[in-house]
S.K.: 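The structure under discussion is supplied below as structure tokens; questions concerning it will follow.
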There are 2 protein chains.
Amino acid sequence: MSLRHALLGLITDEPASGWDLTNRCAEIFGPVWPAGHPQIYGELSRLTADGLIEVDHEGPRRRKVYRVTDTGTAELRRWLAQTDTDHTMRFEPLVRAFFFQHMTPGDLTGHLGREARYYREQADKYRELAAAKDRGDYGDSPRTHAMRITVEAAVRLFGALADWAEWAQTATPLTAPRAEGDRHPADPPPPE
Amino acid sequence: MSLRHALLGLITDEPASGWDLTNRCAEIFGPVWPAGHPQIYGELSRLTADGLIEVDHEGPRRRKVYRVTDTGTAELRRWLAQTDTDHTMRFEPLVRAFFFQHMTPGDLTGHLGREARYYREQADKYRELAAAKDRGDYGDSPRTHAMRITVEAAVRLFGALADWAEWAQTATPLTAPRAEGDRHPADPPPPE
DNA sequence: GTTAGACATGTTCTGATAGACATGTAAATC
DNA sequence: GATTTACATGTCTATCAGAACATGTCTAAC
């Protein structure tokens, strides 16, 4: 359950409302840790109950602004320093890739083309996020250097996938030799 | 829910039991789509009920061997050809990385060192998997070329992360200039 | 013979996730 | 004045994932 710590981290960076956090999660974590507002509001209640954050009501609207407590800061740092982290990466496209052999060459290259475009977009998105930071678009407080390191990770990650998809498109007409009696599902049935 | 299709794909490659599939999932998909045996056995029941696979009892032990049906093959190909795929990559380390600024330089470099080692190991693991395939260690049926493409994706993915962690370690003593009144949580409190 | 380790298959419970449902306000445009 | 869009906060329910619980067999070593 790292949404808990993601929220704790964002609130530590600066106080924010549930609405803010919903948007910032979508923008910053995007596809690496998706979370809808139902989850976020629920987790905020729990964090408040546990005393890791506290809430102030602000403005004419009943807008709730959350601030981190000392306990919360301590917990964030404990989480960051943890050595036994979870490296699980749940990533369907890679699962799918294991079965590319069952696609026809045409299907496959079309598919890889779309993947390449998508990953390139994601890499660009994070590059843009870093640039926006550099311009100070975000009310720039502490996170500068560290932010750049992180964004670099995301850029490399998506960049590597984009490179791969482009390489795989040209490198692979799926014409690998096949064993006897080992028909591709897309092949016409053999004559009797 | 792509475990369904992962299993369908593996069974299409060759008939297998729940035990086989549990091990193959762990070995092949490893950290990109983890699945324990409770999930796998459950999904196999559902796949059987839906007529996508069928089961034979084999040997003295009540070992159940699953085979794909024609309906199952069709469903696999439908899934592969889908254009609106889910690109979500649930990846906690990247979430954590967004809050590196809250770590002390020492903590951070130690952390990055561990990350680098782990990712390098994963990349090597997939490289080895590809090499084993090339040697025909796996009773090599159809998946050769396609397998290599996939493994290449995994190698690049983990390789990019390893490169990043190594780069971040040397490139970043976390000494970025900080704004006035913007204390690092790990700093000693300022004198009164 | 018995014990240990690999093989093999399930259920159950708890927590995480995602989509749908539900409500209401402030500001800007028409 | 009415409508639309963005802001803002929640609940409910179904499904999914993961850990623990539970059972039993075959094979090889002792």
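Just so we're on the same page: letters track the sequence lines, and every chain starts at 1.
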S.K.: What residues form a salt bridge (Lys or Arg N to Asp or Glu O under 4.0 Å) with A:Arg46, not counting sequence neighbours?
M.R.: A:Glu43
S.K.: To the nearest Å, how far apart are B:Leu7 CG and D:dA17 C1'?
M.R.: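 Checked: the CG to C1' distance equals 14 Å.
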S.K.: Does any donor atom in the side chain of A:Ser17 or A:Asp20 lie under 3.5 Å from an acceptor atom in the other side chain?
M.R.: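 Result is yes, a qualifying pair exists.
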S.K.: So do the side chains of B:Glu92 and A:Thr88 get within less than 4.5 Å of each other, counting heavy atoms only?
M.R.: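 Of all side-chain heavy-atom pairs linking A:Thr88 with B:Glu92, none is under 4.5 Å.
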S.K.: Separation of B:His57 atom NE2 from C:dG10 atom P, in whole Å?
M.R.: 9 Å
S.K.: Kindly assign one of parallel, tilted or perpendicular to the pair B:Trp164 and B:Phe100, based on the angle between their ring planes and the thresholds 30° and 60°.
M.R.: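 B:Trp164 vs B:Phe100 ring planes: parallel.
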S.K.: Has A:Arg90 got a side-chain N or O lying under 4.0 Å from the OP1 or OP2 atom of D:dG18?
M.R.: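 The answer is yes; a side-chain N or O of A:Arg90 sits under 4.0 Å from OP1 or OP2.
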S.K.: Between A:Arg63 (CZ) and D:dA6 (P), how many Å, whole number?
M.R.: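 Between P of D:dA6 and CZ of A:Arg63: 17 Å.
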S.K.: Take atom CG of A:Asp20 and atom P of D:dC7, then tell me their distance rounded to the nearest Å.
M.R.: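 These atoms are roughly 10 Å apart.
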S.K.: Can you find a heavy atom in the side chain of B:Glu115 that is under 4.5 Å from one in the side chain of B:His111?
M.R.: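 Yes, side chains in contact.
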S.K.: Please compare A:Ala35 and B:Ser17 by the position of their nearest nucleotide in DNA chain C and report the one closer to 5'.
M.R.: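 Its nearest nucleotide being more 5', the pick is B:Ser17.
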S.K.: Do A:Leu157 and A:Tyr119 touch side chain to side chain, with heavy atoms closer than 4.5 Å?
M.R.: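 Not in contact.
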S.K.: C:dA16 C1' sits how many Å from A:His5 NE2, rounded?
M.R.: 15 Å
S.K.: In whole Å, what is the span from the CD atom of A:Glu92 to the P atom of D:dA17?
M.R.: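 Interatomic distance, CD of A:Glu92 to P of D:dA17: 11 Å.
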S.K.: How many whole angstroms separate atom NZ of A:Lys64 from atom C1' of C:dT25?
M.R.: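 Answer to the nearest Å: 16 Å.
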S.K.: When the distance from CG of A:Leu3 to C1' of C:dA16 is rounded to whole Å, what number comes out?
M.R.: 10 Å
S.K.: Report the relative orientation of the aromatic rings in B:Phe158 and B:Tyr118; use parallel for angles under 30°, tilted for 30 to 60°, perpendicular for over 60°.
M.R.: perpendicular
S.K.: Which nucleotide sits closest to the side chain of A:Tyr66: C:dT9, D:dG10, D:dG18?
M.R.: D:dG10
S.K.: For residues 36-45 of chain B, which residues have at least one heavy atom under 4.0 Å from DNA chain D?
M.R.: B:Pro38, B:Gln39
S.K.: When you get a sec, tell me which of C:dA16, D:dC16, C:dT9 is the closest nucleotide to the side chain of B:Arg46?
M.R.: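 So the nucleotide nearest the side chain must be D:dC16.
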